[in-house]
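Worksheet: one structure, shown below.
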Amino acid sequence: MSNFSVYSGISGVLTYCAKLQMKVVGLYNKVSASQNVEMQKCMKYSLDILDWQAVAPGLRSKQQWNQWASHESAPGFAQALEKSPLIPMMSERRMSPPSRAAVEAGLTLLETHQVDAAIFTSQHGELEKTFKILQTLSQEGEVSPTDFSTSVHNTAAGWLTIISKNALPITSLAAGTDSFQQGMLEAQAMLLTGMQRVLLIDFDGLVPALYSPPSAAPFYPCAVALLLAKGDSLSCQQQLGEPSHEALPQSLQFLRHWLREQNDFSVSAGAHQWNWRRRP
């Protein structure tokens, strides 16, 4: 007789699930500090960047981004996001600013490169649209079908495949402030399974004031797209450290250091620190 069969009814199922949860928590708590150290050692990998594209208000060309990266302190984005030359007008009208930036960055690279798969990473996804829907519901208004259908986390991924007419395998990830670096790990896993070129697109938009202090606003909306391949020109290793208060999102931290051709640099978020090294 199975363990589950001794329970009956809804209360029984809940009791079983609670006991199972306690067992899982108990197993998790048995992971020792030395095992955590060994796991950190495994978080080391290398890859190549074949091409890149980034989109933000007032910044679209690579020359503009190189100028932005050359500043001693990264300037914020003060303008509104311009219309995209690559996205059809009717589609663009349905998109949020962060999705527009992400899709444009992806389309730019797909125009000149063959890609085996794509990864979209975002801390907040379509939070602007979700917040709009919640406001409408709180006022007992009618929710726009367009807003509802494009409020999911993989909206930008869907738009990219539709507009490019390219049925790529796509993964959408959200890992808080560490989303970009987790996307890098996902890309590494894809490359190790035999894929030759993986497109990573990290993007985010303005967070409604209810959720975020105004100081978080200067660097949104933005999108950074990297075309990744197997290689050893860049290596990365995770290191746990003190919580950081870096204003730039991870992808912009990475892009800024990389464009400045720094041989050693770190990308951080909270207590996570990722140390990058460029091969001389």
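Along the sequence shown, residues carry numbers from 1. In this text, all values refer to a predicted model and were calculated from it rather than measured experimentally.
Of all heavy-atom pairs between Ser91 and Ile87, the closest is CB-CG2, 4.1 Å. Listed here is the closest heavy atom pair of Ala229 and Leu191: C-CD1, 3.6 Å. Ala187 and Val198 make their closest contact through CB-CG1, 4.0 Å (heavy atoms, listed as atom of the first residue, atom of the second, distance). In this structure, Gly76 and Phe219 approach most closely via the heavy-atom pair CA-CE2, 3.7 Å. The minimum heavy-atom distance between Lys230 and Asp48, with the atom names listed, is O-OD2, 3.4 Å. Between Glu128 and Pro98, the shortest heavy-atom distance links the atoms OE2-CD, 3.5 Å.
Looking only at side-chain heavy atoms (C-beta outward), Ser179 and Ser122 stay at 4.5 Å or farther from each other. Considering only heavy atoms from C-beta on, Gln67 stays 4.5 Å or farther from Leu59 through its side chain. Trp68 places none of its side-chain heavy atoms less than 4.5 Å from the side chain of Leu259. In this structure, Pro249 and Asp204 have side chains that are not in contact, with every pair of non-hydrogen atoms separated by 4.5 Å or more. Looking at heavy atoms from C-beta onward, Gln182 lies out of side-chain contact with Glu186 at the 4.5 angstrom threshold. Residues Leu81 and Val55 form a side-chain contact, since some pair of their non-hydrogen atoms from C-beta on lies under 4.5 Å apart. You'll find the side chain of Phe265 reaches within 4.5 Å of the side chain of Phe254, heavy atoms only. Within the 4.5 Å cutoff, no side-chain heavy atoms of Leu228 are placed close to those of Leu50.
Between atom CD of residue Glu104 and atom NZ of residue Lys83 there is a gap of 13.5 Å, rounded to the nearest 0.5 Å. The distance from atom CZ of Arg277 to atom OG of Ser266, rounded to the nearest 0.5 Å, is 10.5 Å. Note: His124 NE2 to Thr130 OG1 = 12.0 Å, rounded to the nearest 0.5 Å. Between the CD atom in Gln188 and the OG1 atom in Thr193 there is a gap of 10.0 Å [rounded to 0.5 Å]. Put simply, CZ on Phe180 and CG on Leu255 are 8.5 Å apart, with the number rounded to the nearest 0.5 Å. Distance check, rounded to the nearest 0.5 Å: CG of Leu160 to CD1 of Ile170 gives 5.5 Å.
Using a 4.0 Å cut-off between charged nitrogen and carboxylate oxygen, Asp264 and Arg278 do not count as a salt-bridge pair. Of the charged side-chain nitrogens involved, at least one lies within less than 4.0 Å of a carboxylate oxygen, so that Lys132 and Asp147 count as a salt-bridged pair. Using a cutoff of 4.0 Å between basic side-chain nitrogens and carboxylate oxygens, Asp116 and Arg197 are not scored as salt-bridged. Salt bridge status for Arg100 with Glu92: present, with a side-chain N to carboxylate O gap under 4.0 Å.
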Test side-chain contact (heavy atoms from CB on, under 4.5 Å) applied to Ser233 and Ile49, step by step: CA-CA 8 Å; Ser233 64; Ile49 296 178; over 6 Å; no
Worked verdict on Asn166 versus Thr161 for side-chain contact (heavy atoms from CB on, under 4.5 Å): CA-CA 5 Å; Asn166 188 337; Thr161 59; 5.9 Å; no
Stepwise side-chain contact (heavy atoms from CB on, under 4.5 Å) check, Thr171 with Phe120: CA-CA 6 Å; Thr171 299; Phe120 280 74; over 6 Å; no
Stepwise side-chain contact (heavy atoms from CB on, under 4.5 Å) check, Gln181 with Cys236: CA-CA 10 Å; Gln181 284 288 167; Cys236 180; 4.0 Å; yes
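Around the CZ atom of Arg260, the shell of radius 6.0 Å holds more than 12 heavy atoms that belong to other residues, nucleotides or ligands. Shown here is Lys62, whose NZ atom has more than 12 heavy atoms of other residues, nucleotides or ligands within 6.0 Å.
Gln196 places a side-chain N or O within donor-acceptor distance of the main-chain N or O of Gly194, the cut-off being under 3.5 Å. Using a distance-only test at 3.5 Å, with no hydrogens or angles considered, no donor-acceptor pair links the side chain of Arg60 to the main chain of Ala56. Distance alone, capped at 3.5 Å, is enough to place a donor-acceptor pair between the Thr155 side chain and the Thr150 backbone. Looking only at distances, no side-chain donor or acceptor of Ser164 sits under 3.5 Å from a matching main-chain atom of Leu107.
Side chains of Gln253 and Trp274: no donor on one and acceptor on the other come within 3.5 Å. Residues Glu126 and Ser96 have side chains that bring a donor and an acceptor to within less than 3.5 angstrom of each other. Side-chain contact, Thr108 with Gln53: no donor N or O sits under 3.5 Å from an acceptor N or O. For the residue pair Asp202 and Gln250, no side-chain donor N or O sits within less than 3.5 Å of a side-chain acceptor on the partner.
Residues Leu185 and Val224 are members of one and the same hydrophobic cluster, defined by side-chain heavy-atom contacts under 4.5 angstrom among Ile, Leu, Val, Met, Phe, Trp and Tyr. No chain of hydrophobic side-chain contacts below 4.5 Å, direct or via other Ile, Leu, Val, Met, Phe, Trp or Tyr residues, connects Trp52 to Leu110. Under the 4.5 Å side-chain heavy-atom criterion for ILVMFWY residues, a single connected hydrophobic cluster contains both Trp65 and Leu226. By the criterion of side-chain heavy atoms lying less than 4.5 angstrom apart, applied directly or through intervening Ile, Leu, Val, Met, Phe, Trp or Tyr residues, Leu173 is not grouped with Leu227; the two fall into different hydrophobic clusters. Criterion: ILVMFWY side-chain heavy atoms under 4.5 Å apart, direct or through other members. Under it, Met184 and Leu109 are not part of a common hydrophobic cluster.
Between Asn275 and the options Gln239, Lys44, Gln238, Gln237, a side-chain hydrogen bond (donor to acceptor under 3.5 Å, both in side chains) holds for only Gln239.
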